[in-house]
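Both counts, for ligands and for their atoms, begin at 1 and track the order of listing. The first residue in the sequence is number 1, and the count goes up from there.
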Amino acid sequence: MGQTLIEKLVTRNIQRHEEQTGIHSVTAAKAGDIVTVSVDRVMIHDIFIPFVAEKFEEMGFPKIWNPDKVVLIYDHLVPASQQDDVRHFKIGDAFAAKYGMKNVHRSDGICHQLMTEAGYVKPGDVVFGTDSHTTTYGCVGAFSSGIGYTEMASILGTGSMWIKVPETIQVKIEGVLPAQVTSKDIILTLIGDLGADGATYKALEFSGSTIENMTVASRMTMSNMAVEAGAKCALFTPDEKTADYCQISLTEQETALKGDTDATYCQTITYKAEDFVPVMACPSQVDLIKPVSQLAGTKIDQVFIGSCTNGRYEDLEAAAQVLQGKTISPFVKLIVTPASRQIFTEAAQSGIIKTLTAAGAIVTHPGCGLCCGRAGGILSDGERVVATNNRNFLGRMGTSKVEIYLASPVSAAMAALKGEITPP
Ligand SMILES: CC(C)[C@H](C(=O)O)[C@@H](O)C(=O)O
Ligand code: SF4
């Protein structure tokens with residue numbers, strides 16, 4: 001009987017767990033099974049570290065199961081915009097020192113970007129993080145999902161976690177995307193078709209020639225946003241692009257991480273790449289998707305290009321291509337936030353930052369910043385923003401009377417240029 005990608009990945013993991021513990025659970029994992037997995041890596045960020053630390057002490061574990069597998073990242077609160085933010089860093093630093101955690105990033109960028117960029121996640125890994133967008137690492141063929149701080153404290157003590165193996169929605173995309181259509185348009189369209197709860201506790205498994213031809217960075221945008229349809233995880237088969245990105249050579253086991261032709265899927269969705277158009281998620285629902293052409297002429301006040309969804313080099317490059325040699329509309333503020341210091345540095349070296357600033361952009365330090373409405377350009381009543389991040393919930397980027405349109409970097413740059421939503 002064939003297996004889906006997630007069933008295969010979990011099977012491998014529990015086989016390893018059995019070798020280590022001698023406890024037998026199931027021979028081949030299938031959707032619905034409740035199994036104990038060995039955790040390959042965990043990520044904790046600044047917002048949750050005080051809660052994780054407190055729970056961990058309360059649970060009474062003498063040590064962290066494997067401090068090298070823990071990554072602590074300060075990103076939501078960096079640089080501090082409120083006095084209390086500093087308390088999070090102090091608690092984090094003290095916890096890391098006490099338990100010998102060496103993987104601490106204090107200002108290198110957004111957690112989800114760093115986890116793959118800095119090589120913490122590899123194909124086939126099982127990873128948990130105290131953040132809903134932990135689904136991101138499915139871009140390299142890892143099972144990764146967000147958990148709460150109590151669960152995280154328990155993993156720190158035990159190195160293991162129970163999961164219910166999710167059912168899988170297969171998403172097949174064949175063909176060549178039209179110019180100016182990006183993976184952001186694909187994932188927004190999919191979320192619109194599924195609905196914000198359409199994939200609740202399901203795995204999304206992507207395949208097809210469009211996916212094979214896509215960069216890891218573009219895949220990352222899709223796995224990042226999968227949770228906006230409720231997905232537990234979103235998986236891509238590791239290939240040569242993954243190997244290059246992760247700077248590894250793939251093992252046979254890793255390249256075999258794909259759904260079998262006779263696997264059982266709870267749903268299959270098929271798209272032709274040629275049918276996609278640039279779209280936006282309209283205020284204030286992530287599944288209220290409309291073609292950009294239908295929204296043309298909507299006046300805007302601000303544009304944000306950044307976040308763990310679309311703050312990568314190729315995203316900044318796409319925006320720079322639109323803005324090259326031009327200036328943005330005089331009434332619009334364009335805020336660009338690279339997802340990591342590495343991306344910032346590369347974009348500075350290649351001239352992309354110069355192109356963006358020459359066009360009128362404000363380029364900020366890497367981090368979460370405006371994406372979660374904490375700092376660096378929050379909006380007020382009646383303002384409208386086109387943004388490349390992943391959530392347009394009420395109050396997300398300022399007051400609850402701000403309208404947020406979620407878009408690709410190309411559509412966002414077009415809006416900045418014209419001062420109104422404009423089809424690329
Ligand atoms: C602060 C954090 C818990 C939150 C999340 O889990 O997603 C944030 O990153 C977000 O994007 O809303
Ligand atoms: S960039 Fe935004 S979505 Fe991503 S982790 Fe930070 S706050 Fe969450």
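When hydrogens are left out, the protein atom nearest atom 3 (C) of ligand 1 is F48 CE1, 3.3 Å; that is the closest non-hydrogen contact. Atom 11 (O) of ligand 1 has its closest protein heavy atom at R396 NH2, 2.9 Å. In terms of protein heavy-atom proximity, atom 8 (C) of ligand 1 is nearest to H76 NE2, 3.4 Å. Atom 2 (C) of ligand 1 has its closest protein heavy atom at D131 OD2, 3.4 Å.
For F344 and H365, the distance between ring centers is not under 6.0 angstrom. Here Y137 and Y120 keep their ring centres 6.0 angstrom or further from each other.
Numbered from 1 in the order shown, with element, the atoms of ligand 2 that lie under 4.0 Å from a heavy atom of R396 read 2 (Fe), 3 (S), 7 (S). Atoms of ligand 1 lying under 4.0 Å from at least one heavy atom of H133, given by number and element, are 7 (O), 11 (O). Atom numbering of ligand 2 starts at 1 in the shown order; those under 4.0 Å from a heavy atom of C372 are 7 (S). Listed by atom number, the atoms of ligand 2 under 4.0 Å from N390 heavy atoms are 3 (S).
Summarising the geometry, atom OG1 belonging to T364 is positioned 11.5 Å from atom CD1 belonging to I305; distances are rounded to the nearest 0.5 Å. Atom CD of E317 is separated from atom CZ of R312 by 14.0 Å, given to the nearest 0.5 angstrom. Remark: T210 OG1 to Y271 OH distance equals 12.0 Å, nearest 0.5 Å.
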| field | Verdict with supporting geometry, V385 and E403, side chain to side chain contact (heavy atoms under 4.5 Å, CB included) | value | CA-CA 6 Å; V385 58; E403 290 185 7; over 6 Å; no
| field | CA sep, side-chain torsions, deciding dist, call: I211, M222, side chain to side chain contact (heavy atoms under 4.5 Å, CB included) | value | CA-CA 10 Å; I211 300 296; M222 293 172 63; 4.1 Å; yes
| query | Which is it for R106 and D93 under the salt bridge (charged side-chain N to carboxylate O under 4.0 Å, His left out) test, yes or no, and what are the steps along the way? | reply | CA-CA 9 Å; R106 294 182 174 84; D93 284 354; 3.0 Å; yes
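Comparing H112, H76, H45 against atom 7 (S) of ligand 2, the shortest heavy-atom distance belongs to H76. Of all the listed residues (G311, C308, S132, C371), C308 holds the heavy atom that lies closest to atom 4 (Fe) of ligand 2. Across the listed options S307, C371, S132, S132 owns the non-hydrogen atom lying nearest to atom 6 (O) of ligand 1.
For N390, no nitrogen or oxygen atom sits less than 3.5 Å from a nitrogen or oxygen atom of ligand 1, counting backbone and side chain alike. Inclusion of H45 in the set of residues having an N or O under 3.5 Å from an N or O of ligand 1 is not warranted. Residue R391 has at least one N or O atom closer than 3.5 Å to an N or O atom of ligand 1.
Atom CZ of F276 has more than 12 heavy atoms from other residues, nucleotides or ligands within 6.0 Å.
The distance from atom 2 (Fe) of ligand 2 to the nearest N/O/S atom of C368 is not under 2.8 Å.
A cation-pi geometry, defined here as NZ or CZ lying under 6.0 Å from the six-membered ring centre and within 45° of its normal, does not hold between K172 and F206.
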